[in-house]
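Here the structure is laid out as structure tokens; the discussion comes afterwards.
Here the structure is a predicted model, which means the values were calculated and not measured.
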Amino acid sequence: MIASATDSYTWFENLTDLMTEISEGSIVSHTLYKDKTVNVVLFGFAAGESLSEHTAAQPAIIQILSGEGTLTLGAD
């Protein structure tokens, strides 16, 4: 893993390099950064897997690095 940190940011050279192999039927998560105000988590999903419906106390940013999926926000 290539990462560098300063007082203002943490840099990861390539996020896809941080993901381990994802076994069939599984979801893999790695916490990349966490402090009092932000929690950065890298998720990897096996084909057909999904997160359960939930709410979050903090705003979320979603960046898809590869593959495809369906994202539903708010009420159906």
Kindly indicate whether the side chain of [X], heavy atoms from C-beta on, has any atom under 4.5 Å from the side chain of [Y].
X   : Y   : answer
I27 : I22 : no
H30 : T20 : yes
Y33 : N39 : no

Just verifying a value: how many Å separate [X] [atom1] and [Y] [atom2], rounded to the nearest 0.5 Å?
X   : Y   : atom1 : atom2 : value
L65 : N14 : CG    : CG    : 8.5 Å
F12 : L18 : CZ    : CG    : 6.5 Å
F43 : I62 : CZ    : CD1   : 10.0 Å
L71 : S50 : CG    : OG    : 11.5 Å
Q63 : L42 : CD    : CG    : 10.0 Å

For Q58, does the CD atom have more than 12 heavy-atom neighbours from other residues, nucleotides or ligands under 6.0 Å away?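 Above 12, so yes.
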Looking at every non-hydrogen atom in both residues, tell me the closest pair between A46 and G25 and how far apart they are.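 Nearest heavy atoms, A46 then G25: CB-N, 3.6 Å.
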Taking every non-hydrogen atom, the tightest pair across S26 and S23: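 Of all heavy-atom pairs spanning S26 and S23, the closest is OG-O, 2.6 Å.
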When you look at K34 and V40, which way does the side chain to side chain contact (heavy atoms under 4.5 Å, CB included) test go after all the steps? CA-CA 6 Å; K34 186 172 186 174; V40 179; over 6 Å; no
